[in-house]
Chemist: 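Below are the structure tokens for one structure; questions will follow.
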Amino acid sequence: MMNPKLKKNLLTAGLASAVMLSTAATRPANPPATNPLLQRSSLPFGAPDFSKIKNADYLPALKEGIRLQRAKIKKIVNDKRKPTFANTILAFEQSGVTLDRVSSVFYGLTSADKTPEIAETEKEITPLMTDLANEIAFNAKLFKRIKYVYDHEYKTLKGEDKKLLEETYKDFVRAGALLPADKKARMEQINKRISALQQDWGNLLPDATNNAVVWVDSKEELAGLSDADIAQCKKDAESRGGKAPYCIVIINTTQQPILTHLDNRDLRRRVFEASVHRSDGSGKYNTFPIVSEMARLRAEKGEIMGYKDFASYSLERTMAKTPDNVMSFLRQLIANYTPKADAETKAIEDYARQTMGTDFKLEPYDRFYYSAKMKKEQFNFSENDVKPYFNIDSVLVNGVFYAAHRAYGLSFKERKDIPTYHADMKVFEVIDKDGKPLALFYTDYFRRPTKRGGAWMSSFAKQSRQRQQLPIIYNVCNSAKAPEGQPTLLTWDEVTTMFHEFGHALHGILSNCRYNSLSGTAVARDFVEMPSQFNESFATIPEVFNHFARHTETGAPMPEALKEKMLSSINFQSAYALGENLAATCLDLQWHMLPSSQIPTADQAAAFEAKALTNVGLLNHQIPPRYSTSYFNHVWGGGYAAGYYSYLWTEVLADNIAEYFAEHGALNPEVGQALRDKILSRGNTRDLMQSFTEFTGLKSPNTASLLKARGL
């Protein structure tokens, strides 16, 4: 993973529609001397003081952070003393403290609360951040000092010092520090252009997704939805201009969960087509030109660095190491998945024909609808039967927090005295089992027009003993908030999403590393999802489930019969979920395994997608990719280029660890402490496979665990 000081140009623009204007946007920035972003906050943990920060404060603070880092790097370069770990590597590690603090807060808002002024600030600061990243990456005098330390001290350093030196040196090498001048210049141009394209993507895709909203003229067309869902459609329509009394908002994935309930087949078709065509074709929201150019630039970047394609360059420092290793892993899964998927599709179509006639042809927008009916018939329950037991507050406190308390000894105390950037947020102090404060944890769970789709974890400040900084971590989700005075009830998928994102949060909260650059989630892409996917397993442990799954009105636990039906149904027709993930994963790799001379043009992109899926046996009309090329944000807007496979790779790791927990006591605090000591607290301070082996006893990941866990 790229050093934070070199990756600022890769930070993802928040994919949210800028339609809500903050009142702070109209106020001028605080003077530099009093700009709250440029002082260490007096709040507990140094938390950002959103009661004092104005939107107008971010740009001058970011510019000052850039100026300070430039000055500190100049001081390192001009140091007449012999380069040492202390005066070069440690000095470089500390050079971006102010910029790290400011940008961590700012980029949190570009994803979660992107008001018009935040969008304008991002537009202005992105090229400046890219310029700084390039200046650092291609600073020959700075790299000369770093290389001198690497050549003369690497063998004698130990522990985190040795790892910091190694990672710093390799970051520079992979950025092109050893290239001749002409190739360095070209790399700098490529970096700038990719940064600009990612910003364009970050502005275009949310607009495309918001434009794809499906307007509905009557309540009757929404038959099948619950009263709460219909109320949400009405609320969504009002917040988007009221072109019709109701609307259905498109989320980031191809399939839309609302299709599960809509009785109106034509409306199901309209919703599905709005989703898959949100950003392709020749209209103003077409993202294919961005995709094509970015893919070509990435391929060229890999070639300049001496690799045959971008995937080979990108994967070198991951657990998987090479594209061939990843494809071998995926082919094993595809071989086992394909017959299951075909049987699953036939079963759904046969079921639908019982009521729709023998000539009924199942379409992808029908699949969730009839699958849900089959599931209800087989298990005799529906999503609406269980939602009253998944009150978001109970899931968080009695589920997510309870599991963390039982496994790791953590306690959580809400802090209403710490301001947030949005009224929907909550803040909790995390207290360790010895009673000492460990971290701050923020939740931002409800969707709004200024927030991009999906769910994620990040930090306002990473843990670092050197910086005397405890972690300040946040989770963001996109659940629909219930009307005022009513409880917000979740689907099971949303429940597991909360557990998932908190697994990431724990990786940051439990970090115990010396250096900021190595702490928390600063690990390889194909390891970073392991703690989150593993944490999902706590949701189904009986003690945890029974603690949070209580009726929102009566407080009664979910009846055993209903609980058994729901948990037994989790893997019902699970081939679909695996298939949509495999298809998206292979799309990502196929795009990034091409040489620059073979990158499709924008007009060829859709055809290339079909060909790429055909080549791996995954072109399936019934099971489209979870993300199609034109709205695959992980790959074109985020940091997962040639890396989306990591979700499946780390699922194997997580299933292996979950099996170990099950064998030794799922909530055994000794096992939890061992995972904390050997993996969750270690960040990127040691070899990741070594950490995995030390905990599980396995020399390599066991892929059989994934198929078993998915019921395949």
Side-chain angles (χ1 to χ4, degrees), residues 44-45 47 386-418 420 422-433 435-447 455-457 471-482 484-510 531-532 534-558 563 566-567 666-667 669 672 676 680:
F45 297 79
V386 298
K387 282 182 73 173
Y389 295 90
F390 300 144
N391 182 313
I392 191 170
D393 295 324
S394 181
V395 172
L396 178 63
V397 175
N398 298 320
V400 171
F401 288 171
Y402 179 74
H405 175 70
R406 294 284 284 107
Y408 309 110
L410 307 182
S411 299
F412 301 83
K413 180 176 69 174
E414 187 170 0
R415 295 292 301 260
K416 295 185 178 181
D417 57 322
I418 296 178
T420 60
H422 195 278
D424 285 342
M425 299 175 70
K426 293 182 178 180
V427 186
F428 299 87
E429 181 175 337
V430 187
I431 302 164
D432 210 346
K433 54 188 168 185
K436 294 180 180 178
L438 187 63
L440 279 184
F441 174 63
Y442 293 63
T443 64
D444 182 2
Y445 285 147
F446 302 120
R447 75 181 181 216
W456 61 95
M457 163 268 179
I472 305 174
I473 308 297
Y474 59 85
N475 276 170
V476 183
C477 295
N478 267 280
S479 297
K481 186 180 181 183
E484 195 67 33
Q486 298 181 30
T488 294
L489 305 179
L490 304 179
T491 65
W492 177 249
D493 282 346
E494 289 173 318
V495 170
T496 56
T497 295
M498 283 178 63
F499 275 87
H500 177 101
E501 295 306 331
F502 191 71
H504 283 308
L506 284 170
H507 204 177
I509 289 168
L510 296 176
S532 55
F534 162 69
N535 204 62
E536 292 180 32
S537 67
F538 284 119
T540 53
I541 293 173
E543 180 182 332
V544 177
F545 184 91
N546 294 339
H547 202 250
F548 73 80
R550 293 182 172 269
H551 197 280
T552 189
E553 293 178 0
T554 67
M558 184 180 289
K563 171 188 169 184
M566 198 214 78
L567 293 179
L667 296 175
R676 177 175 176 174
L680 295 179

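The basis for the numbers below is simple: all heavy atoms, side chains too, and nothing from hydrogens, waters or symmetry mates.
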Chemist: Kindly indicate whether the side chain of Ile509, heavy atoms from C-beta on, has any atom under 4.5 Å from the side chain of His504.
Modeler: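 Contact flag for Ile509/His504 side chains = no.
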Chemist: Quick one: OG1 on Thr552 to NZ on Lys387, what's the gap to the nearest 0.5 Å?
Modeler: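 Separation between the atoms: 12.0 Å.
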Chemist: To the closest 0.5 Å, what do you measure between CG (Asp432) and CG (Leu438)?
Modeler: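 Here the interatomic distance stands at 5.0 Å.
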Chemist: Counting N and O atoms only, with roles assigned by atom type, does the side chain of Ser394 sit under 3.5 Å from a partner on the main chain of Asn391, one being a donor and the other an acceptor?
Modeler: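 Side chain of Ser394 to backbone of Asn391: no pair is present.
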Chemist: Can Leu440 and Ile418 be said to form a side chain to side chain contact (heavy atoms under 4.5 Å, CB included), step by step?
Modeler: CA-CA 10 Å; Leu440 279 184; Ile418 296 178; 3.7 Å; yes
Chemist: Do Tyr445 and Glu494 have a side chain donor and acceptor closer than 3.5 Å?
Modeler: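 Distance-only check fails for Tyr445 and Glu494.
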Chemist: Taking atom OH of Tyr389 and atom NE2 of His551, what is their separation to the nearest 0.5 Å?
Modeler: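 Separation between the atoms: 5.0 Å.
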Chemist: Is the backbone N or O of His422 less than 3.5 Å from a side-chain atom of Thr420, with the two atoms forming a donor-acceptor pair by type?
Modeler: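 Yes; judged by distance alone, with no hydrogens or angles, the pair exists.
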Chemist: Between the main-chain N or O of His500 and the side-chain N or O of Asn535, is there a donor-acceptor pair closer than 3.5 Å?
Modeler: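 Absent.
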Chemist: Examine distances only and state if a side-chain atom of Glu501 and a backbone atom of Met498 form a donor-acceptor pair shorter than 3.5 Å.
Modeler: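 Not at all, since once roles are kept as given, no pair shorter than 3.5 Å links the two residues.
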Chemist: So, do Phe548 and Phe499 have ring centers that fall under 6.0 Å from each other?
Modeler: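 Aromatic pair counts; centres sit under 6.0 Å.
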Chemist: Where is the tightest heavy-atom contact between Phe441 and Ala505, given as atom of each residue plus distance?
Modeler: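 In terms of heavy atoms, the two residues are closest at CE1-CB, 3.8 Å.
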Chemist: Does Leu510 reach the side chain of Leu410, with side-chain heavy atoms less than 4.5 Å apart?
Modeler: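 When only atoms from C-beta onward are counted, Leu410 and Leu510 do touch, with a gap below 4.5 Å.
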Chemist: Work out which heavy atom in Ala482 is nearest to a heavy atom in Thr488; give both atom names and the distance.
Modeler: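 Shortest heavy-atom contact: N-OG1, 3.0 Å.
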Chemist: In terms of side-chain geometry, is the basic nitrogen of Arg447 or Asp424 positioned less than 4.0 Å from the acidic oxygen of its partner?
Modeler: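 Looking at Arg447 and Asp424, the cut-off is not met.
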Chemist: Quick check: do Leu567 and Thr540 have side-chain heavy atoms less than 4.5 Å from each other?
Modeler: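 Result yes, sub-4.5 Å side-chain heavy-atom pair found.
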Chemist: Could you label the plane-to-plane angle of the Phe390 and Phe545 rings as parallel, tilted or perpendicular, counting under 30° as parallel and over 60° as perpendicular?
Modeler: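 If you compare the ring of Phe390 with that of Phe545, the planes turn out perpendicular.
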Chemist: Which word best sums up how the rings of Phe401 and Phe428 line up, parallel for under 30°, tilted for 30 to 60°, or perpendicular for over 60°?
Modeler: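 Rings of Phe401 and Phe428: perpendicular, as their planes differ by over 60°.
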Chemist: Less than 4.5 Å apart, side chain to side chain, heavy atoms only: is that true for Val386 and Met558?
Modeler: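 A side-chain contact exists here, since the closest heavy-atom pair is under 4.5 Å.
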Chemist: Determine yes or no for a side-chain-to-main-chain donor-acceptor pair under 3.5 angstrom, with His547 supplying the side chain and Asn398 the backbone.
Modeler: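 Yes; judged by distance alone, with no hydrogens or angles, the pair exists.
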